[in-house]
There are 2 protein chains.
Amino acid sequence: MAVTMNDVARLAGVSLKTVSNVLNDYEFIRPATKQKVLDAIDELGYEANLTARSLRSGKSRMLGLVLSDLSAPYYAELASRLMSVASARGYRVLVEQSAALEENELSALHGPFRQLTDGLLFTPLRLDPDTVAGRIGSKPLVMLGEHIQDPRFDTVTMKNVRAAQAMTAHLLAGGRRRIAVIGASAGDSTGSPGLRLTGYRRALDEAGVGFEPALIVPSEWRRDAGASAVEALLDRAVPFDAVFGLNDALALGAMHELLIRGVKVPQDVAVAGFDDIDEARFASPSLTTVAPGMQEIAERSVGLLIDRIEGKEKSDDGVHVEAGFELRIRSSAP
Amino acid sequence: MAVTMNDVARLAGVSLKTVSNVLNDYEFIRPATKQKVLDAIDELGYEANLTARSLRSGKSRMLGLVLSDLSAPYYAELASRLMSVASARGYRVLVEQSAALEENELSALHGPFRQLTDGLLFTPLRLDPDTVAGRIGSKPLVMLGEHIQDPRFDTVTMKNVRAAQAMTAHLLAGGRRRIAVIGASAGDSTGSPGLRLTGYRRALDEAGVGFEPALIVPSEWRRDAGASAVEALLDRAVPFDAVFGLNDALALGAMHELLIRGVKVPQDVAVAGFDDIDEARFASPSLTTVAPGMQEIAERSVGLLIDRIEGKEKSDDGVHVEAGFELRIRSSAP
DNA sequence: GCCGCTTTCTGCAACGATGTATCCAGATGT
DNA sequence: ACATCTGGATACATCGTTGCAGAAAGCGGC
């Protein structure tokens, strides 16, 4: 059927292993031999069988990416960038959607999916550190995001606290005093919601503004859920002059609901988000948000993971990378 | 290292091949034997090595998905759905971004990527049918989208012409007479742009409204490009009372630019899109658009591809599936 | 008791590459 | 002149499965 190394070897008049050596850039090969092999490869249109290579070598040059839902715009943009970065280093990315279900996160961690990949970019939303540590296996794993903060793991994350604090400070500086937060529960202190909420509280403290639990609305991080959250706020008649959506999708859903209800943005209520997805720039009004250095996150996490796979990163402890951030001040909260 | 079939066989006291038979649901196995094997598998926590299986059997249970850019919202949503549908049938999806470059489309077609997958969901933007036909290889391939319309290929597409016609008719019914189209060139007649433009022209004809090339603005199908296109229209002072963006991203970018320039939507200019991405519902004003039956497209294309792979679909000619559509009339063009 | 058929299970080869050991020729050292 | 070393190539085993052929056991029919 397909052309194999054997065919190439025969045509080039060398042994099978020599062909293999040429392909793997083995040092000691006479240029003439190498050329013969390359010519034969060319003539036959030979392409290495990755499955066989993978079986024999134990490496697949694939990275696994586990996230809850690829259609969420932040994840879509992140995945796209991760794939580009990985591609530049000769790796592919295999994506698995967990739907934020514990069982799916678990099976991604030690099921067939794990086996197919040389390393994992893992965005857990449900599992706790000890469970992960228990099933981590021997292949490298880089945590993406902040649901799990544990010194044992390599982690690439963003400055959630400081970024949320900066954004809240910006809203306060604009004269807002009753800033609703959508996407966290008042008691959260870990995970992305908790960390961003912490930043919010710090900014309030700094400004001497009291924290009001009624302003904190739990919500899934989706547009529709953001809209529902605003609905709830308005229906409960909790007064507020700003909404800080803990991600952009949420914030955009919230903003939409505000506008529908006749609330003027930003005159009556300012709206801020987090992520700086492309959509934010083109919303109306355009969305003020935090740009969390997505490209940096993509480059560092893929780089770290591949370095681990290839044994270039040897640190015994988990490496912890925190990407920088910038506020993008736009019309929704000038 | 890992547990192999051999370990299971030893523990269960049967031959290696019997273990394999159990795993592959071979018919003639005594229930007692089967149970012994299953127990051994359980006890050892055995998991089949997919790479070895794939090498031996020639099947990977992976589908390839080639698209230009995963961060484009339509593709992100589509990919997410395709993955879910595939997953339900026991397949994974490996995504490759082509960046709409011919060389990438080509290499996806017969490079290592092809080798890793049992079949391809292909969204070409550059290649022509004959090139594809020449390099298609022996594995199944399903065309997604309409850049290539060729009876030789299995194709899953949407009713571009009729949907665009219906949307244009809706705009005309709302009294709009100078409907700008963004995302096609006046001469296009093939591919998604061409087909949608054709639908537009048919609706104009039906209504007895003349076609004006100056209203047709070519553009990439991205938000920023949509914004630039509107900028160009306004700068050229071409009068228009509606904008039909040939996809939602485009339409949303266009709408954003209109609003920035102080043009009222929909009072001064109505805006319509195509795709019904989630974002459209939550835009302000919410975007009138065409819902092209994305779930149906996902189900039919994955179903068809897997049926081909498993030999259940035997038609010699290309199977052609056209998903239904619905207009979603929202505030941007009531 | 022999034949043929089905049921149940086994052994060996093969998929297409890479790792290890080895071999040979020529260069080098003494 | 002989042992040693090194560059350049090869042979063979191996990765963990599945396909194929066939063996052993059970069973009914004559």
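In what follows, chains carry the letters A, B, and so on, assigned in the order in which the sequence lines appear, proteins first and then strands, with residues in each chain numbered from 1. Both backbone and side-chain heavy atoms feed into the values below; hydrogens, waters and symmetry mates do not. Bear in mind that the values here come from a model prediction, so they are computed numbers and not experimental data.
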What is the distance, rounded to the nearest whole Å, between atom [atom1] of [X] and atom [atom2] of [N]?
X: A:L50; N: C:dT18; atom1: CG; atom2: P; answer: 10 Å
X: B:M5; N: D:dT17; atom1: CE; atom2: P; answer: 5 Å
X: A:L23; N: C:dG19; atom1: CG; atom2: C1'; answer: 16 Å
X: B:L55; N: D:dG16; atom1: CG; atom2: P; answer: 12 Å
X: B:K17; N: D:dG19; atom1: NZ; atom2: P; answer: 6 Å
X: A:N49; N: D:dC15; atom1: CG; atom2: P; answer: 18 Å
X: A:D7; N: C:dC15; atom1: CG; atom2: C1'; answer: 13 Å
X: B:E47; N: D:dT17; atom1: CD; atom2: P; answer: 11 Å

Would you say [X] places a side-chain N or O within less than 4.0 Å of OP1 or OP2 belonging to [N]?
X: B:S15; N: C:dT10; value: yes
X: A:R30; N: D:dA9; value: yes
X: A:S20; N: C:dT18; value: yes
X: B:N24; N: D:dT18; value: yes
X: B:Y46; N: D:dT17; value: yes

Are the charged groups of [X] and [Y] less than 4.0 angstrom apart, N to O?
X: B:E105; Y: B:R135; value: no
X: A:R308; Y: A:D118; value: no
X: B:R89; Y: B:E310; value: yes

Looking at the side chain of [X], which of [options] is the nearest nucleotide?
X: A:F28; options: C:dG19, D:dG8, D:dA9; answer: D:dG8
X: A:N21; options: C:dT10, C:dA17, D:dT10; answer: D:dT10
X: B:T18; options: D:dT17, C:dT10, C:dA17; answer: C:dT10
X: A:R53; options: D:dT17, D:dG19, C:dT18; answer: C:dT18

What's A:L16 touching, base or sugar-phosphate or nothing? Going by heavy atoms closer than 4.0 Å.
base
Are the side chain of B:K139 and the backbone N or O of B:Q115 linked by a donor-acceptor pair below 3.5 Å?
yes
With nearest nucleotide decided by heavy atoms, which residue, B:A52 or B:K34, maps closer to the 5′ end of DNA chain C?
B:K34
For residues A:S15 and A:T18, is any side-chain donor paired with an opposing acceptor at under 3.5 Å?
yes
Tell me the closest heavy-atom pair linking B:L109 and B:L141, and the distance in Å.
CD1-CD1, 3.5 Å
Donor/acceptor link under 3.5 angstrom from B:R56 side chain onto base of D:dT18:
yes
On DNA chain D, more 5' by nearest nucleotide between A:Y26 and B:N6 is A:Y26
